[in-house]
Protein chains: 2
Amino acid sequence: MKDANEYLDKLLQELRRGTITISVLSQLSEPQYGYWLVTMLEEKGIHVEPGTLYPLLRRLEKQGLLESKWDTEEARPRKYYLLSETGKEVYKLLIVEWQQIVESMSNVIDIKGGKMDGDD
Amino acid sequence: MKDANEYLDKLLQELRRGTITISVLSQLSEPQYGYWLVTMLEEKGIHVEPGTLYPLLRRLEKQGLLESKWDTEEARPRKYYLLSETGKEVYKLLIVEWQQIVESMSNVIDIKGGKMDGDD
DNA sequence: TTACAATAGTATGCGTCATACAGTATACTA
DNA sequence: TAGTATACTGTATGACGCATACTATTGTAA
């Protein structure tokens, strides 16, 4: 049982891979800054490390999925990120694919509560 | 649009991470061999490379989630893998967490077709 | 003035996945 | 009988994202 939890952490980490990207993209149809995303996603049940998020944002911007601009007029300077047109495309496609993955998974994960006897 | 597809591949690859493990574990409540898993999962819409699966199986066995035995009585020798007790535990937990991830994601992914005006 | 929260950032290491191989034995075909 | 395709397992390598553990700065409250 303890062993199970040990490996679970790693497996779960892998499971969450990529979902962070979708989560982030999903919040950026309006400009938001990193720290807000961290707290925001946390509220929604998605934990993201700052050390994960900031490089992610930069990566996505570098790839052209996001655009950014500093806002220095507020109390503290914040870097706001926003979906680019490409980003919107990618986001849409990602969602479609995500849903297909979810569907495939539900096909594969055993149908609990409905024990099938046929073995076709 | 072309750029979008370029990055999509990588993002999707990341998305699928970990789901392969669950998929594999899901099929091993009864002993099965690698090649069968590849073709089997393919049918169910989950593509797994042999070069990914075999190391995965070995890894999972090494971690104690799987047990294996060679069957040399059939035409071709096959290595059969089966969930260990620990593996069953992990699998159960993985499913639970997976479902939570799916739920969190659906919270975050925009509610398409139902444009909300309130911003709570 | 001290201490904490807000905010952004970097460096490093691990782990898994895809790709590209190698290798053997059986079945099929000519 | 030779030759090719298929079944089947395996390894080596490289890419890349994530967690961890940091650094650094600036407001704000005590």
Side-chain angles (χ1 to χ4, degrees), chain A residues 6-25 31-43 46-63 65-66 68-81 90 94 101, chain B residues 6-25 31-43 46-63 65-66 68-81 90 94 101:
Chain A
E6 281 183 40
Y7 296 119
L8 248 193
D9 284 343
K10 292 180 184 175
L11 290 169
L12 289 177
Q13 181 177 330
E14 295 304 316
L15 256 191
R16 293 187 217 280
R17 283 220 183 194
T19 62
I20 297 181
T21 302
I22 291 191
S23 304
V24 167
L25 293 181
Q32 306 291 356
Y33 59 97
Y35 192 84
W36 183 87
L37 286 169
V38 172
T39 54
M40 178 56 172
L41 291 175
E42 185 70 42
E43 282 180 15
I46 298 173
H47 179 72
V48 190
E49 296 292 330
T52 298
L53 181 67
Y54 290 114
L56 172 61
L57 289 172
R58 294 170 151 266
R59 203 186 314 141
L60 293 175
E61 185 183 16
K62 192 173 157 193
Q63 296 177 342
L65 308 190
L66 297 182
S68 74
K69 62 183 173 203
W70 280 94
D71 183 346
T72 50
E73 294 185 5
E74 299 183 64
R76 290 184 203 73
R78 293 163 171 168
K79 195 172 184 180
Y80 281 82
Y81 288 89
V90 170
L94 268 181
I101 291 174
Chain B
E6 280 183 40
Y7 296 119
L8 248 193
D9 284 343
K10 292 181 186 175
L11 289 169
L12 288 178
Q13 181 177 330
E14 294 304 315
L15 258 190
R16 293 186 217 282
R17 280 219 187 197
T19 62
I20 297 181
T21 302
I22 291 191
S23 304
V24 168
L25 293 181
Q32 306 291 357
Y33 59 98
Y35 192 83
W36 182 88
L37 286 169
V38 172
T39 55
M40 179 56 171
L41 291 174
E42 186 70 41
E43 281 180 16
I46 298 173
H47 180 71
V48 190
E49 295 292 330
T52 299
L53 180 66
Y54 289 114
L56 172 61
L57 289 172
R58 293 170 154 267
R59 203 187 313 141
L60 294 175
E61 183 182 18
K62 192 172 157 192
Q63 295 176 343
L65 308 190
L66 297 182
S68 73
K69 62 182 173 204
W70 280 94
D71 183 345
T72 50
E73 295 185 3
E74 298 182 66
R76 291 185 204 74
R78 293 162 172 169
K79 196 172 183 180
Y80 281 81
Y81 288 89
V90 170
L94 269 181
I101 290 173

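Lettering follows sequence order; numbering is per chain, from 1.
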J.: Taking the side chain as everything from C-beta on, heavy atoms only, tell me whether B:Leu12 gets closer than 4.5 Å to B:Arg16.
T.: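 Sidechains of B:Arg16 and B:Leu12: in contact.
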
J.: Please give, in whole Å, the distance from C:dA18 P to B:His47 NE2?
T.: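 For the pair B:His47 NE2 and C:dA18 P, the rounded distance is 7 Å.
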
J.: Provide, to the nearest angstrom, the distance between the CG atom belonging to B:Leu11 and the P atom belonging to C:dT16.
T.: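 Going from CG in B:Leu11 over to P in C:dT16 covers 20 Å.
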
J.: Restricting to non-hydrogen atoms, name the atom on A:Thr72 and the atom on A:Pro77 that form the minimum distance, rounded to 0.1 Å.
T.: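 For A:Thr72 and A:Pro77, the tightest heavy-atom pair comes out as CG2-CB, 4.2 Å.
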
J.: In whole Å, I'd like the distance from the NZ atom of A:Lys62 to the P atom of D:dG17.
T.: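 Distance, rounded to whole Å: 10 Å.
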
J.: In whole Å, I'd like the distance from the CE atom of B:Met40 to the C1' atom of D:dA7.
T.: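 Going from CE in B:Met40 over to C1' in D:dA7 covers 18 Å.
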
J.: CG of A:Leu60 versus P of D:dC18: gap in Å, rounded?
T.: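 The answer, rounded to whole Å, is 9 Å.
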
J.: Rounded to the Å, how far apart are B:Glu49 CD and D:dA12 C1'?
T.: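 Value for this atom pair: 16 Å.
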
J.: Rounded to whole Å, please give me the gap between CD1 in A:Ile22 and C1' in D:dG17.
T.: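 My rounded result for the distance is 14 Å.
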
J.: Rounded to the Å, how far apart are B:Leu8 CG and C:dA18 P?
T.: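 Going from B:Leu8 (CG) to C:dA18 (P), I get 16 Å.
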
J.: Which heavy atom in A:Ile46 sits nearest to a heavy atom in A:Ser23, and how many Å separate them?
T.: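 Between these two residues, the closest heavy atoms are CD1-OG, 3.3 Å.
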
J.: Could you encode protein contacts along nucleotides 4-15 of chain C as a string, one character per nucleotide from 5' to 3', using B for base contact, S for sugar-phosphate-only contact and - for no contact, with a heavy-atom cut-off of under 4.0 Å?
T.: --SBBBB----B

J.: What heavy-atom pair brings A:Lys79 and A:Ser68 nearest, and what distance separates the two atoms?
T.: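 Nearest pair, atom of A:Lys79 first, then A:Ser68: CE-OG, 3.5 Å.
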
J.: Mind checking side chain to side chain donor-acceptor pair (under 3.5 Å) for B:Glu74 and listing every partner two or more places apart, or none if nothing turns up?
T.: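 In terms of side chain to side chain donor-acceptor pair (under 3.5 Å), with neighbours along the sequence ignored, B:Glu74 is linked to B:Arg78, B:Tyr80.
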
J.: Do you know which two heavy atoms are closest between A:Val38 and A:Val48, and how far apart they sit?
T.: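 Of all heavy-atom pairs spanning A:Val38 and A:Val48, the closest is CG1-O, 3.7 Å.
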
